[in-house]
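This one's a predicted model, so the numbers in the text were calculated from it and none came from an experiment.
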Amino acid sequence: RNNCAGFECDIQPDQLATIMFTSGTTGKSKTIRLSSYAFNSLAFKLYLLDTPHDYKTAHALCALPCFHAYGLAGSAHYGICNAYKPFLIPKFDPRQANEIVRKYNVIEFLGVPKMFQKMLQEDNFENEGTKNLSMLFAGGDIVSKAFVDEFDSVMEKHGAPGKLCRGYGLTEVSSVCSVNTYENCREDSIGKPLGDITVEIWDENGKKLKLYRFTPVLTAILGFVTMLIMPAQTANKQAGGLTPELLAMRFAGCTRMLLE
């Protein structure tokens with residue numbers, strides 16, 4: 001039994017939390033089992049990148065679908081664990097999202113590039129709430145440098161601390177494994193791996209390659225997850241039938257949530 005915020009619960013860290021289905025971007029769609037500590041370890045790692053904010057008034061814009069790992073683990077769970085009051089938007093509407101930013105102290109928003117683009121195109125994007133935006137992460141698709149520069153120029157115009165940071169992740173790693181930050185940001189990059197994650201490049205024979213050698217091959221992400229990504233037709237041949245497997249690092253202690 002764990003003592004979670006004063007309540008006893010029977011949930012163990014390595015217990016199954018949810019089952020999700022991948023989009024099949026790198027091959028056939030797969031069924032992924034994610035544990036409680038997979039979600040909590042991601043929330044803790046993103047917390048280390050967080051900016052100081054007023055825990056009584058800070059809000060998060062949660063417009064990503066919760067049947068997607070990026071929406072459930074990266075946006076909703078991370079936001080709640082780090083004391084943001086979440087605004088859940090079941091059907092994304094850019095004008096509505098901008099209006100929420102205007103009326104409330106929205107600090108954090110994790111989205112796909114198209115969401116940021118559509119919000120910026122609306123005439124109500126620039127408002128009195130724009131200056132509060134600080135935690136802005138885009139993933140799930142390519143983000144052009146031109147758009148990042150355009151978006152960041154609007155943030156700078158309003159004195160907002162936020163910059164649009166690009167990242168990368170997969171369902172198998174609870175959505176995020178690398179991201180740019182304000183301290184470590186490079187153009188045309190998906191950023192550095194999150195804490196305790198090591199990224200390696202392997203060839204199709206299982207041999208580790210040197211860094212910066214680009215080959216469309218097997219990639220292993222080591223740390224709080226261990227995962228193999230490979231072409232579906234070669235998976236059994238090259239990896240002995242190994243399927244993507246989540247080995248999440250235990251996150252000591254209970255997640256602190258603000259339930260108001």
Side-chain angles (χ1 to χ4, degrees), residues 1-5 7 9-50 60 62 64-84 86 88 108 110-112 135 137 139-140 165 167-179 181 190-200 218-230 235 239 242-259:
R1 287 181 176 272
N2 293 318
N3 190 311
C4 303
F7 298 94
C9 55
D10 293 323
I11 299 175
Q12 299 302 314
D14 56 355
Q15 187 174 330
L16 176 67
T18 186
I19 294 176
M20 291 197 156
F21 301 91
T22 70
S23 62
T25 304
T26 58
K28 293 182 179 180
S29 182
K30 299 178 289 292
T31 302
I32 306 300
R33 298 164 58 90
L34 297 175
S35 66
S36 295
Y37 61 69
F39 277 81
N40 288 335
S41 60
L42 175 65
F44 180 71
K45 286 172 172 56
L46 293 177
Y47 157 76
L48 297 177
L49 306 179
D50 209 340
C62 300
L64 291 166
C66 285
F67 56 77
H68 192 287
Y70 190 28
L72 182 59
S75 180
H77 186 68
Y78 151 69
I80 293 173
C81 288
N82 290 291
Y84 288 104
L88 299 177
E108 178 257 325
L110 277 68
V112 295
M135 294 290 289
F137 297 101
C165 295
Y168 175 76
L170 308 95
T171 304
E172 290 89 338
V173 299
S174 302
S175 77
V176 183
C177 60
S178 69
V179 68
T181 65
I190 56 173
K192 289 187 175 183
L194 295 176
D196 295 326
I197 294 180
T198 301
V199 178
E200 297 178 353
L218 179 65
T219 303
I221 302 173
L222 311 173
F224 78 89
V225 296
T226 297
M227 199 192 80
L228 298 178
I229 312 163
M230 55 186 1
L242 182 63
T243 56
E245 181 179 8
L246 183 70
L247 300 175
M249 180 189 73
R250 293 178 180 272
F251 174 53
C254 298
T255 301
R256 181 170 179 264
M257 296 186 180
L258 181 67
L259 303 176

Worksheet item: Got a donor-acceptor contact below 3.5 angstrom from the Tyr168 side chain to the Gly139 backbone?
Response: no

Response to the item:
Between Ala38 and Ser41 the two heavy atoms that sit nearest each other are O-OG, 3.1 Å

Worksheet item: Considering all heavy atoms of both residues, which atom of Tyr84 and which atom of Asp50 are nearest to each other, and what is their separation?
Response: OH-OD1, 2.7 Å

Worksheet, complete the sentence: Closest non-hydrogen atoms of Tyr70 and Leu64, given as atom of the first, atom of the second and distance, are CD2-CD1, 3.5 Å

Worksheet item: Going through the distances and angles, do Phe39 and Thr18 end up as a side-chain contact (heavy atoms from CB on, under 4.5 Å)?
Response: CA-CA 10 Å; Phe39 277 81; Thr18 186; 3.5 Å; yes

Worksheet entry | Flag, side chain of Thr171 to backbone of Thr22, donor-acceptor distance under 3.5 Å | no

Item to complete: Would you check if Pro86 and Ile80 make a side-chain contact, meaning some heavy-atom pair closer than 4.5 Å?
Response: yes

Item to complete: Look up atom OG in Ser36 and atom NE2 in His77, then write down how far apart they are to the nearest 0.5 Å.
Response: 8.0 Å

Discussion item. Can you give me the closest heavy-atom contact between Leu194 and Val179, atom names plus distance?
Written reply: CD2-CG1, 3.8 Å

Worksheet entry | Euclidean distance, Tyr78 OH relative to Leu49 CG, rounded to 0.5 Å | 7.5 Å

Worksheet item: For the atom pair CG (Leu46) and OG (Ser175), what is the distance rounded to the nearest 0.5 Å?
Response: 7.0 Å

Worksheet entry | Closest non-hydrogen atom pair between Lys45 and Gly195, with its separation | CE-O, 2.5 Å

Discussion item. Side chains of Leu72 and Met20, heavy atoms from C-beta outward: is any pair under 4.5 Å?
Written reply: yes

Worksheet item: How long is the span from the OG1 atom in Thr181 to the CE atom in Met135, to the nearest 0.5 Å?
Response: 9.5 Å

Worksheet item: Do the side chains of Phe44 and Asp196 get nearer than 4.5 Å, heavy atoms only?
Response: no

Worksheet, complete the sentence: Cys66 and Ala76 have their tightest heavy-atom pair at SG-CB, 4.4 Å

Worksheet item: If you measure from SG on Cys177 to CD1 on Ile190, what distance do you get to the nearest 0.5 Å?
Response: 6.5 Å

